[in-house]
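FYI, side chains are in, hydrogens and waters are out, and symmetry mates aren't considered; it's all heavy atoms of this structure. Everything numeric here is computed off the predicted structure, so don't read it as measured data. For the single chain, residues carry numbers from 1 onward in sequence order.
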Amino acid sequence: MNLQFILGNFALILFVAMVLTGIIWCLDVFWFARQRRASADAALAAFDARNAKLTAEGIKVDNTSRQSIEAAILRQPTWIEYSGSFFPVIALVFILRSFLYEPFKIPSGSMVPTLMIGDLILVNKFTYGIRLPVLNQKVIDVNDPQRGDVMVFKYPEDMTQDYIKRVVGVPGDKITYANKRLTVNGKELAYAPLDDYLDDEKLVYHKQFTENLSEPPHRILNEPSKLTYNPEQVKNFPQHEACTYSAEQFTCVVPAGNYFMMGDNRDNSADSRYWGFVPNKNIVGKAFFVWMNFSSLKRIGSIH
C-alpha cells in the first residue's frame with residue numbers, strides 16, 4: 001500500500017476506521033460496560049459478604065480494597081479504550097472533510113501564478129452540492145461550477161488522483177484555443193500584459209497576462225517558445241469527437257454534464273487539452289483559500 005493509494009482512498013479508509021471504532025464504542029456502551037458492571041456488582045457482593053462474616057467472627061477487616069476491586073473490574077480493555085477515544089475524533093474529521101471543507105497540498109506548478117507548489121489550500125465541499133462520502137454521488141444540488149472557478153476533481157484517467165485546474169468551459173460552451181488565446185462561445189477573451197514572471201526554480205521568465213474569463217480577472221503564464229498545444233500528447237479520451245484539432249489550434253464543444261479545465265500556467269499544464277473533459281461525478285469541490293505555505297507566509301489568502 002503506497003502513499004498515493006492511501007491519499008487517493010483516504011475517504012474510504014477514514015470511513016472504515018469510523019465504522020469499526022463506532023461499532024466497538026456502541027458494543028462497549030450497550031453490552032461490554034453492562035457486563036463489567038454486573039461482574040463488579042457480583043464481586044463486590046461477595047467481598048461484602050466475606051467482610052460481614054469476618055466481622056461477625058470478631059475479625060477486623062480492611063474495606064479500602066473495595067474501591068480498587070471495583071475500579072479494576074470496570075476498567076476498559078486497552079483496545080476498547082483506544083477505540084472509544086478515537087471514534088468521536090475520526091467521526092468529526094470524516095464529517096468535516098466529507099461535507100464542509102477538505103485540505104489539499106499543491107504538488108505541481110500547473111496553476112502558477114495563482115497557486116504555488118507547497119500551498120496548503122482549503123476546498124469547499126458543499127458549494128457544488130452535497131455528495132455522499134466515498135461514493136461521491138450528489139444527493140442535493142446547490143450550485144454548478146462557473147467559468148473561472150478553481151476546482152478540485154478526480155483525474156478522469158485515475159480516480160485515486162486529485163487534480164486542480166480552472167474551469168474554462170461549462171456544459172454547452174464552445175471553446176477555441178488559438179495563438180494561446182481563448183475564445184468562449186465566439187467571444188475572444190481580453191488579455192492585458194503584466195510584468196514578466198520569474199520562475200524561481202528554473203530561473204527563467206514567463207510572459208504574464210490577466211485573462212477576463214470571469215470577475216475578477218486572473219493571471220496566466222505563457223512561454224512564447226512553446227506550441228499552443230502538443231498534438232503528440234492528445235489522448236483518445238471519452239467524447240473525443242466533440243473536439244477538432246489543427247496544427248495551431250483546437251476547438252471543443254463541452255458535452256452535457258462535463259467541464260473543460262485548464263491550468264493557469266498554460267504551457268506547463270496537463271489538462272483538458274490532452275485528457276479530455278471532467279464529468280460532474282468527478283467533482284470534489286471549489287478551492288477558495290490558501291491557509292499556509294511554509295516557504296512563504298505571504299501566500300496566505302483567498303484564491304481568485
Side-chain angles (χ1 to χ4, degrees), residues 3-11 96-98 100-129 131 136 138 143-170 175 177 182 197 199 201 206 211 213-214 216-222 229 233 235 237 254 258-296 299-304:
L3 180 61
Q4 184 60 52
F5 177 86
I6 293 174
L7 294 177
N9 295 276
F10 187 68
L96 286 176
R97 79 182 299 277
S98 297
L100 299 176
Y101 305 105
E102 184 174 357
F104 288 89
K105 183 178 180 180
I106 302 302
S108 72
S110 68
M111 282 296 293
V112 174
T114 303
L115 295 172
M116 310 298 291
I117 296 175
D119 279 352
L120 301 176
I121 66 171
L122 285 178
V123 171
N124 188 318
K125 299 296 290 287
F126 57 85
T127 295
Y128 301 138
R131 296 172 182 267
N136 204 37
K138 184 187 289 189
N143 299 302
D144 293 321
Q146 302 297 312
R147 295 186 208 97
D149 288 357
V150 178
M151 189 171 79
V152 174
F153 55 92
K154 296 293 183 181
Y155 179 40
E157 295 189 346
D158 183 356
M159 293 291 283
T160 66
Q161 294 189 46
D162 293 303
Y163 269 35
I164 183 167
K165 306 289 180 186
R166 191 177 296 276
V167 179
V168 169
V170 299
I175 305 297
Y177 192 55
L182 275 172
Y197 179 86
D199 186 329
E201 291 189 358
H206 301 288
E211 181 181 73
L213 180 63
S214 60
H218 59 273
R219 295 182 295 159
I220 65 164
L221 301 182
N222 279 330
Y229 76 99
Q233 295 181 8
K235 302 179 181 180
F237 51 81
V254 185
N258 287 265
Y259 297 88
F260 194 92
M261 314 296 297
M262 293 182 73
D264 289 346
N265 192 355
R266 292 286 160 82
D267 295 317
N268 295 282
S269 173
D271 47 40
S272 288
R273 288 173 286 183
Y274 304 110
W275 42 252
F277 307 104
V278 174
N280 188 277
K281 66 179 182 179
N282 289 40
I283 293 175
V284 173
K286 180 180 180 181
F288 72 98
F289 193 77
V290 177
W291 63 271
M292 179 57 71
N293 186 311
F294 293 106
S295 300
S296 175
R299 294 289 306 150
I300 298 175
S302 300
I303 298 172
H304 300 294

Q | Residue pair D144, V170: steps toward the side chain to side chain contact (heavy atoms under 4.5 Å, CB included) verdict | A | CA-CA 9 Å; D144 293 321; V170 299; over 6 Å; no
Q.
For a side chain to side chain contact (heavy atoms under 4.5 Å, CB included) check, start with the C-alpha distance between R131 and K138, then their side-chain angles and the critical distance, and finish with the verdict.
A. CA-CA 4 Å; R131 296 172 182 267; K138 184 187 289 189; 3.6 Å; yes
Specify the closest pair of heavy atoms between [X] and [Y], including all atoms of both residues, with the distance to one decimal.
{"X": "V123", "Y": "F104", "answer": "CG2-CD1, 3.4 Å"}
{"X": "S272", "Y": "G276", "answer": "OG-O, 2.8 Å"}
{"X": "W291", "Y": "L122", "answer": "CD1-CG, 3.6 Å"}
{"X": "N282", "Y": "N136", "answer": "C-ND2, 4.0 Å"}
{"X": "T160", "Y": "D158", "answer": "OG1-OD1, 2.7 Å"}

Q: Apply side chain to side chain contact (heavy atoms under 4.5 Å, CB included) to the pair Y101 and N124, showing each step before the final yes or no.
A: CA-CA 5 Å; Y101 305 105; N124 188 318; 4.0 Å; yes
Report yes if some heavy atom in the side chain of [X] is under 4.5 Å from a heavy atom in the side chain of [Y]; otherwise report no.
{"X": "P156", "Y": "F237", "answer": "no"}
{"X": "I283", "Y": "P145", "answer": "yes"}
{"X": "Y177", "Y": "L182", "answer": "yes"}
{"X": "F288", "Y": "T127", "answer": "no"}
{"X": "Y259", "Y": "N280", "answer": "yes"}

Q. For F153 and V167, what are the C-alpha separation, side-chain angles and deciding distance, and is it a side chain to side chain contact (heavy atoms under 4.5 Å, CB included)?
A. CA-CA 11 Å; F153 55 92; V167 179; over 6 Å; no
Q: Starting from the C-alpha separation in whole Å, work towards a yes-or-no answer on salt bridge (Lys or Arg N to Asp or Glu O under 4.0 Å) for R266 and E211.
A: CA-CA 12 Å; R266 292 286 160 82; E211 181 181 73; 2.9 Å; yes
**Q.** Criterion side-chain contact (heavy atoms from CB on, under 4.5 Å) against S269, the qualifying member of M262, K165, M261
**A.** K165
Q.
Just to verify, which of I220, D264, I164 counts as forming a side-chain contact (heavy atoms from CB on, under 4.5 Å) with T114?
A. D264
Quick one: pull up [atom1] in [X] and [atom2] in [Y] and give me the separation to the nearest 0.5 Å.
{"X": "I117", "Y": "S110", "atom1": "CD1", "atom2": "OG", "value": "9.0 Å"}
{"X": "D149", "Y": "S214", "atom1": "CG", "atom2": "OG", "value": "7.0 Å"}
{"X": "K154", "Y": "M159", "atom1": "NZ", "atom2": "CE", "value": "7.0 Å"}
{"X": "M151", "Y": "Q146", "atom1": "CE", "atom2": "CD", "value": "11.0 Å"}
{"X": "H218", "Y": "L213", "atom1": "NE2", "atom2": "CG", "value": "5.5 Å"}
{"X": "M116", "Y": "N265", "atom1": "CE", "atom2": "CG", "value": "9.5 Å"}

Q: Output all residues satisfying salt bridge (charged side-chain N to carboxylate O under 4.0 Å, His left out) with R147, sequence neighbours left out; order by chain, then residue number.
A: D173
Q: Please name all residues satisfying salt bridge (charged side-chain N to carboxylate O under 4.0 Å, His left out) with K281, sequence neighbours left out, ordered by chain then number.
A: none
Q. Is there any salt bridge (charged side-chain N to carboxylate O under 4.0 Å, His left out) pair reaching into residues 110-128, and which pairs are they, with sequence neighbours excluded?
A. E102-K125, D119-R299
Q: Determine the interplanar angle of the Y163 and Y155 rings, folded into 0 to 90°, and report it as parallel if under 30°, tilted if 30 to 60°, perpendicular if over 60°.
A: parallel
